[in-house]
Every structure is written in C-alpha cells, then in structure tokens.
Amino acid sequence: MKLFTDYQKTNPKMEVIPLASSVSGTVNAPASKSAMQRAIACALLAEGRSEIYNPSLCDDAYAALKMSECLGASTRILDDRIIVDGGYKPGCGELFCGESGLGARLFTPLASLNAGWMEINGSGSLLKRPMDMLSETLSQMGVEVISNGGFLPLRVRGPMKGGLAFVDGSLSSQFLTGLLIALPVAKEDSKLIVHKLKSKPYIDLTIDILNHFGVEVINENYSLFSIPGSQEYKPSSYTVEGDWSGAAFLLVLAALAGDITVRGISPGSTQSDRKVLDILRDVGAHVQVKDNEVSIRKDGLKPFIADLSDCPDLAPPLAVLASFCHGKSILSGTERLKVKESDRGSALMTEMSGLGVKIMNYDNRIEIEGPCMINEGRVDSHGDHRISMALTIMSVAGGGKVTVKGAESVNKSYPSFYEELKELGVVINISEEPAHLPF
C-alpha cells in the first residue's frame, strides 16, 4: 500500500510496428477515465473514506489524483481499488493537469471554491486547448479570474458563491461537469443557463455519479440546471464502468479482422460512444450483446453515415472502419476535432492519406472512399492517444507494415492497449527510448 505521491511510473517514447494478424479472443474493457476523474472529484468533496473500484490507471487519472491531493484529499493505490480520504482543504497554490482537458475544466471550478489564489496549469497539447469558456461564467459567480488569452495557465480566486450564470456548451460539456460537481457545496443555490450543449450523455454520466455520492442536481432539458447549495457529499464505494471510447478500437478491429469479445461494457451506459454498436450493425458486422459483454465478428463492410456531434472521440476508429468499407462513408459533426489532443481531423487525413486512404477532412465532416489498399509507411500519432490507436488497428487490419511513432501517447487513456492486442494474437514490435516523467 503506497501513497499516490510516492507512486512513480515511466512513460518512455515508443514506436510500434503492428503486423497484420487475424485477431480473436476475449479481453476486458479499459476503465473509463471520464467516470474515474468525476469519481475522484466527488470523493475529494466527501468528508470521509471513499473506495473506487476498477480504477483507471491512465495518465489523466493520475493527474486527477494528484490534483485531489493538492485540494486536501489523501489517496492510496491498492491492488483492486483506490482509497480516497476526502475533505476539501487546499494545501498548494497550483493544480497541474498534465494533458487532461477534462481535468483542467473539471478541477478549475473546484479550485474556485477556495478563498486564495490558485493557478491551473498543464503541459503539451493542453496548453493549446481553449479554456476561455471558464472565465466569464466563473466571474458571474464571484470568482476572480486572470486568464492567459483564453489558454492555460490561468489563476482563480474564490470562493465561488453560486447564483445565476450562463454557460456556453458549444465547444465542450467538460466545464459544465466541473460546475455541476463544485456548485453543490457553494453557499448559495445556483442556476445555470446552458446554450448549445454538446455531448449531453456525458452530463448524464456526471449527474449519475453525483447522485451516487448523495448530491442532487435538477436537469431541465439540458438548458437549465438547478443546483441546491450547501449540500454535503457522502463518502461512497464506486465502481468505474468500462470505457466505450477505448473499447471502440477493439470492436472496430474485430469487425475488420476477426472475432473479439470485450467484457465490462454496458450497452445501457450513459457514455455516448456506445453508438459504435449501432454503426457496426449498420456496416454488417455480426454483433452479439449479453449483460456487460459485447462480441463482434467480421462479416459485412457496407459504407455508413454517422453524426458524431455527441461522440467525437469515435472519429478515429470509425475513420479506420470507413477505409475498408465498400463505398463512401461520411462522419459528420466533427468540427470539435480541431480542439482535441491534436487537430484530429487534420491528423487523420495527413497520416491516413499517406498510407493510401482516400480521405477528405472538412470543417464539420470527414469523407472516406473505400476500400483502400494500405501501404507500408511510417506515421505519427501527433502525440494523440486516439490517433495512435487508430493507426495501429489500421496496420493490423490492412496487411501493411506500418510504424507508428509516438505510440506512448496511449498511456493517456488506455495504458494496456498494446498488451491487450498481444492477447488477441496481434504481433507487435516495440522499440523504446527513455523519456521524462509526465509530471
């Protein structure tokens, strides 16, 4: 048993060469980093001991644990769970988010509960991701904000009092999630008027976890949220559900190259990325669902049209799927791909076209004409975990020898990704170079 602050892990630079393989077998889905970070924040605000089972151990989860410690929690990592002794007592002047966009947008409202100044900072691609939606809304609730032109680092000083505020949800729902978690402990009742909210299912996930920790939020058609103030979070045991966005890469790979069963994902989940199941049915894959287990077997490969407005993280695996379908496939609602860990639409077009894929990236859609012959080549992950995983499964399914540079980026969300592929029969050559610790 060890304190998180004593826990060290390396993140070496990696290049992988995934060889063409026929894949089959059963694996467990990765734990949802989205649910994990929300549960950590709620456990921080709950006075007493909470236990988080099936925890995600990805980079974003570690960053959230570290920030929770800065805000007063103590954490211990055990073999089967993480213990969080909660209590909001800020003890440092800076929250470091790593490269986690959700971490920055979720923990900034938590930092704003504090009466002293606190800086929120990050690294890598996070420094280029927009944070300007935070400043105006927090200011309406009595928080002083010093912004860096709409990007990190930024400084906040509360305490956030609650009240009425307007929230722009057109770019991301993550900041709204942070407000919904922080405002229940503010002194005043709050009402949030939300415009053009994206990724609504992730707000359902937030409210489900809030309810699990004994907190009430009233959702009126995703445009008005009423939050009673002075609530108390109750310590709880919480089991993190499987992650549909990570599992989607395995499910798509199965539809292209074999027969895979993924355990620990629920079709009844609030995660919007469960939409991948409907799309796989549309293309003609054999889909079998029972309890918390999904099996996909290669069958048909018809072209498809998918609106990804609420599930943009599906764009990378679905772009790979479309490359092998017989005809033109269209991914719409992709405008938010510009502000992810990379400009994902541009990254997909650059790397996939270099391998022989007929792909065009527009402002709000991606069009792909298949099937494509995948060439041998060397591609770059652009430091983006989902681009790395997409290029990997493309190499496996395409019969080409593709070298994926920057493959260590999978640690952001799915650190066991390459080990899972090996269990399914994929041959992967890996080379490593020493690198700095992520934080």
Taking the side chain as every heavy atom from C-beta outward, state whether Ile393 and Phe417 have any atom pair closer than 4.5 Å. yes

Between Lys340 and Asp384, is the closest basic N to carboxylate O distance under 4.0 Å? no

Nearest heavy-atom approach of Val320 to Ala390 is CG2-O, 3.3 Å

Taking the side chain as every heavy atom from C-beta outward, state whether Phe107 and Ile120 have any atom pair closer than 4.5 Å. no

Can you check whether Met14's main-chain N or O pairs, donor with acceptor, with Glu408's side chain at less than 3.5 Å? yes

Distance-only donor-acceptor check, side chains Ser170 and Asp168, under 3.5 Å: yes

Nearest 0.5 Å, what's the OG-CG distance between Ser353 and Leu348? 10.0 Å

Can you find a heavy atom in the side chain of Thr392 that is under 4.5 Å from one in the side chain of Leu253? no

Asn54 side-chain N/O to Val240 backbone N/O, donor-acceptor pair under 3.5 Å: yes

CA sep, side-chain torsions, deciding dist, call: Leu205, Thr177, side-chain contact (heavy atoms from CB on, under 4.5 Å): CA-CA 9 Å; Leu205 175 64; Thr177 279; over 6 Å; no

Minimum heavy-atom separation for Val289 to Arg281, with atom names? CG2-NH2, 3.8 Å

Arg263 atom CZ, over 12 foreign heavy atoms within 6.0 Å: no

Pairwise distance CG(Leu250) to CD1(Ile265) - rounded to 0.5 angstrom: 8.5 Å

Show the numbers, then the answer: is there a side-chain contact (heavy atoms from CB on, under 4.5 Å) between Leu110 and Leu95? CA-CA 10 Å; Leu110 295 180; Leu95 297 184; 6.0 Å; no

Test item: Ser173 side-chain N/O and Gly169 main-chain N/O as donor-acceptor pair under 3.5 Å: no

Looking at Trp244 and Pro267, would you say the former's side chain and the latter's main chain have a donor-acceptor pair under 3.5 Å? no

Taking the side chain as C-beta and beyond, is there a heavy-atom pair between Met160 and Leu179 under 4.5 Å? yes

Examine distances only and state if a side-chain atom of Ser295 and a backbone atom of Thr261 form a donor-acceptor pair shorter than 3.5 Å. no

Inspect the contact between Lys358 and Glu369 and indicate whether a charged nitrogen and a carboxylate oxygen are less than 4.0 angstrom apart. no

Chi angles and distances behind the side-chain contact (heavy atoms from CB on, under 4.5 Å) call for Leu183, Val217: CA-CA 10 Å; Leu183 285 172; Val217 167; over 6 Å; no

Taking Asp243 for its side chain and Ser32 for its backbone only, find out whether a donor-acceptor pair lies under 3.5 Å. no

If you look at every heavy atom in Gly103 and Gln37, which pair is closest and at what distance? N-OE1, 3.5 Å

Under 3.5 Å, sequence neighbours excluded: what are the donor-acceptor pairs made by side chains of residues 124-136?
{"from": "Ser125", "atom 1": "OG", "to": "Glu99", "atom 2": "OE1", "distance (Å)": "3.0"}
{"from": "Ser125", "atom 1": "OG", "to": "Glu341", "atom 2": "O", "distance (Å)": "3.4"}
{"from": "Arg129", "atom 1": "NE", "to": "Val339", "atom 2": "O", "distance (Å)": "3.1"}

Do Lys412 and Asp59 sit within salt-bridge range, that is, some charged N less than 4.0 Å from a carboxylate O? no

Compare all side-chain heavy atoms of Ile260 with those of Ile296 and state whether any distance is below 4.5 angstrom. no

Distance (rounded to the nearest 0.5 Å) between Leu180 CG and Leu210 CG: 6.5 Å

Here the pair of heavy atoms bringing Phe213 nearest to Ala39 is CZ-O, 4.0 Å

Should we count NZ of Lys338 as having more than 12 external heavy atoms under 6.0 Å? yes

Does the side chain of Glu351 come within less than 4.5 Å of His382's, by heavy atoms? yes

Which atom of Tyr414 lies closest to which atom of Met389, heavy atoms considered: CD1-SD, 3.8 Å

Are a donor atom and an acceptor atom from the side chains of Ser172 and Tyr202 found within less than 3.5 Å of each other? no

In this structure, are over 12 heavy atoms from other groups packed under 6.0 Å from Asp363 atom CG? no

With distance as the sole test, does Ser272 use its side chain to make a donor-acceptor pair with the main-chain N or O of Asp310 at under 3.5 Å? yes

Okay, side chain of Asp307, backbone of Ser309: is any donor-acceptor separation there less than 3.5 Å? yes

For the residue pair Ser269 / Glu241, report whether a side-chain donor-acceptor contact shorter than 3.5 Å exists. yes

Going through the distances and angles, do Asn148 and Leu154 end up as a side-chain contact (heavy atoms from CB on, under 4.5 Å)? CA-CA 6 Å; Asn148 180 35; Leu154 60 84; 5.6 Å; no

Does any non-hydrogen side-chain atom of Ser50 lie less than 4.5 Å from one of Tyr238? no

Find out whether Phe96 and Lys66 are in side-chain contact, i.e. whether some heavy atom of one side chain is under 4.5 Å from a heavy atom of the other. no

Working to the nearest 0.5 Å, report the span between CG of Leu138 and CZ of Arg157. 14.5 Å

With the threshold set at 4.0 Å, does a side-chain nitrogen-carboxylate oxygen contact exist between Asp278 and Lys275? no

Can you measure from CE (Met394) to CD1 (Ile374) and round to the nearest 0.5 angstrom? 4.0 Å

Ignoring hydrogens and geometry, is there a side-chain-to-backbone donor-acceptor pair from Arg81 to Glu51 under 3.5 Å? no

Restricting to non-hydrogen atoms, name the atom on Ser409 and the atom on Ser381 that form the minimum distance, rounded to 0.1 Å. OG-OG, 3.7 Å

Donor-acceptor pair, Asp313 side chain versus Ser245 backbone, under 3.5 Å? no

Straight-line distance of Ile52 CD1 to Arg38 CZ, nearest 0.5 Å: 13.0 Å

